[in-house]
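Written out below as structure tokens is the structure these notes cover.
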Amino acid sequence: MLVLFETPAGYAIFKAKKKLEALTPADANLEQSLKLKHFHKFEDTTEALAAATASIEGKCSKGLKKLLKNIVSSDVQEELAVADAKLGSVIKEKFGISCNASREVQELMRGIRLQMNTLVTAISEDDMRKMALGLAHSLSRYKLKFSPDKVDTMIVQAISLLDDLDKELNNYVMRCREWYGWHFPEMGKIVTDNTAYVRTVKMMGVRTKCATTDFSSCLPEEVEEELKAAAEISMGTEVSDEDITNIHHLCDQILEINDYRAQLSDYLKSRMQAIAPNVTVLVGEMVGARLIAHAGSLINLAKHPASTVQILGAEKALFRALKKKHNTPKYGLLYHASLVGQCGAKHKGKIARVLAAKTALASRVDALSEESRTDVGVEHRQIVERRVQFCNDGVVHAISGTGKAKAKADKVEIKAETSGYNAATDSTLATTTPEKKKKKRKREEVDDDSTLATPTPEKKKKKRKREEVDDDSTLATPTPEKKKKKRKREAVDDEA
């Protein structure tokens, strides 16, 4: 049986004089049971690093392939003992050599490692120790994926400098407005943009030159006309040429800082796209850079849970709320993200929580992934945008679970209401009469028969008899006494 053993200096192949079961790693003299057949020394640290990384990933390096072809292939009938089962499967697939990576082999490898100085005599102990140290450093750099494109220290410094430039630029602009406002106070309300104000002051100088100066390069036409009209009736004080010179120097400083700020902002965007593309897609360059700077590095941000990412930047408010037993803050730096700003004030905390969860996942992908792709960031941004849309539309139920069941029920109801055209209702054939209608018709026929057979009621007979009696009485009644007396009076009057 052959034994493949990897050292920091190269590959060693031993030939076992005994069977595997008879080899005991606790033996003090393994050199009696194992014989060094061949030793392949690495030429430099690069080859050693390539061999170490290949063995970690379960692959065959170029040096190992060459060694197996030349040395081991001649003894195909022999079984090869290897430390890694994945490497054994690859060797068996490519070279057809049966490999063994059992527990006994692992114990044998441990014994060889303990007695490596006596078994491998091609290299001294000091050289082996130096090679092991160099390989450890190289392997550590490889595991950390050390690359100038992945250095997030530049992002931390750039965003800090950008914030400092914003503060200084704001102070300079306010000083310029206050200084020049003594000479032309009306201009502060007419020109509201800071950069346009500084450019206008530099072009105009004294306000008496306003009428003859062309401001088309920095001001709109309406604002230019209003500025020229205000310059003629301005209430400002007069200034000397030396004052205007100093104001112009201040304007030059402001414009230079503004140009450098724009350049630094573009640099920060490009670095964020290279180092943290998924975080950039989710929260933007500025917010993502501030999160990385606040956490210290991208690795530290990836280690934070979503609840910590949500309140990064609001630590003072958090501890004050815990101390006074008030409500804790719902968001920190994430408040400035565009997705949080798209929803109403009522749902900002909910969207900040969802966005923090997706940002935590995206930061882990950016920090630990080998490929810089934005698939995770784009997918998570779509999920957050969908949640923002639900909150803005007033839908507060969950997307999954009962929310899906409810949506399906609503769809079924809509389909039932808008039923299609039923052609069976156009049939002219006589349909069978229901039982209820038959009973109703029978009742109507019975009622008709009863009305025909019923005699005249007694009340009607009595009424007719009374009417006949009344007619007879009206015919036989004499003239009333009042009329007779009246006739007598008339006769007496005539005689008189």
Side-chain angles (χ1 to χ4, degrees), residues 1-42 45 47-140 142-144:
M1 184 182 69
L2 298 178
V3 180
L4 176 63
F5 184 76
E6 182 183 2
T7 66
Y11 291 108
I13 296 180
F14 297 95
K15 185 174 180 60
K17 298 178 181 179
K18 302 178 182 179
K19 292 185 178 180
L20 183 62
E21 293 79 6
L23 294 173
T24 55
D27 290 343
N29 297 322
L30 265 179
E31 56 183 342
Q32 297 178 359
S33 304
L34 296 175
K35 181 182 178 182
L36 181 63
K37 185 176 180 180
H38 183 75
F39 183 79
H40 174 73
K41 186 179 178 181
F42 296 136
T45 311
E47 185 181 356
L49 178 61
T53 53
S55 62
I56 290 173
E57 296 173 359
K59 299 178 181 178
C60 280
S61 62
K62 293 182 179 179
L64 181 59
K65 289 179 181 179
K66 186 176 180 182
L67 178 64
L68 293 175
K69 284 181 182 179
N70 297 335
I71 306 300
V72 182
S73 297
S74 59
D75 298 331
V76 180
Q77 70 276 5
E78 297 283 347
E79 187 180 22
L80 183 65
V82 293
D84 190 7
K86 292 183 179 179
L87 181 62
S89 62
V90 173
I91 293 174
K92 185 177 181 180
E93 182 181 354
K94 289 187 176 182
F95 301 98
I97 302 172
S98 62
C99 298
N100 188 1
S102 61
R103 186 174 180 181
E104 292 80 4
V105 173
Q106 300 298 328
E107 292 294 328
L108 178 61
M109 294 293 179
R110 184 173 65 85
I112 296 174
R113 194 176 296 110
L114 291 174
Q115 303 179 29
M116 185 171 57
N117 295 328
T118 58
L119 291 173
V120 181
T121 58
I123 298 178
S124 63
E125 185 177 356
D126 293 337
D127 294 339
M128 186 71 74
R129 190 182 298 111
K130 292 178 182 179
M131 291 180 180
L133 182 61
L135 181 60
H137 289 169
S138 301
L139 192 60
S140 299
Y142 174 78
K143 286 185 177 180
L144 291 174

How far does CG of L64 sit from NZ of K94, to the nearest 0.5 angstrom? 9.5 Å
Taking E6 for its side chain and A12 for its backbone only, find out whether a donor-acceptor pair lies under 3.5 Å. no
Provide the closest heavy-atom pair for Q106 versus A101 in the form atom of the first, atom of the second, distance. NE2-O, 4.0 Å
Name the residue from K130, M131, H137 that meets the side-chain contact (heavy atoms from CB on, under 4.5 Å) definition with L133. H137
Ignoring hydrogens, what is the shortest heavy-atom contact between A52 and L135? Give both atom names and the distance. CB-CD1, 4.2 Å
Could you check whether any side-chain heavy atom of K15 comes within less than 4.5 Å of a side-chain heavy atom of V3, counting everything from C-beta outward? no
Rounded to the nearest 0.5 angstrom, the CG-CG distance for L67 and L4 is 7.0 Å
How close do A51 and F42 get, counting heavy atoms only, and between which atoms? CB-CZ, 3.6 Å
Just to verify, what does S124 make a side chain to side chain donor-acceptor pair (under 3.5 Å) with, not counting sequence neighbours? D127
Non-hydrogen side-chain atoms of L108 and L34 separated by less than 4.5 Å: yes
Nearest non-hydrogen partners of C60 and L87, listed with the distance: SG-CD1, 3.8 Å
How far apart are the C-alpha atoms of L80 and S98, what are their side-chain angles, what is the distance that settles it, and do they pass the side-chain contact (heavy atoms from CB on, under 4.5 Å) test? CA-CA 6 Å; L80 183 65; S98 62; over 6 Å; no
Distance-minimising heavy-atom pair for A48 and P8: CB-O, 4.1 Å
Within this structure, what is the CD1-CZ distance for the pair I112 and R110, rounded to the nearest 0.5 Å? 11.5 Å
Of all heavy-atom pairs between G88 and V82, which one has the smallest distance, and what is that distance? CA-CG2, 3.9 Å
Would you call the rings of Y11 and H40 parallel, tilted or perpendicular if under 30° counts as parallel and over 60° as perpendicular? parallel
Are any of the side-chain heavy atoms of K37 and L2 separated by less than 4.5 Å? yes
Are any non-hydrogen side-chain atoms of T7 and F39 less than 4.5 angstrom apart? yes
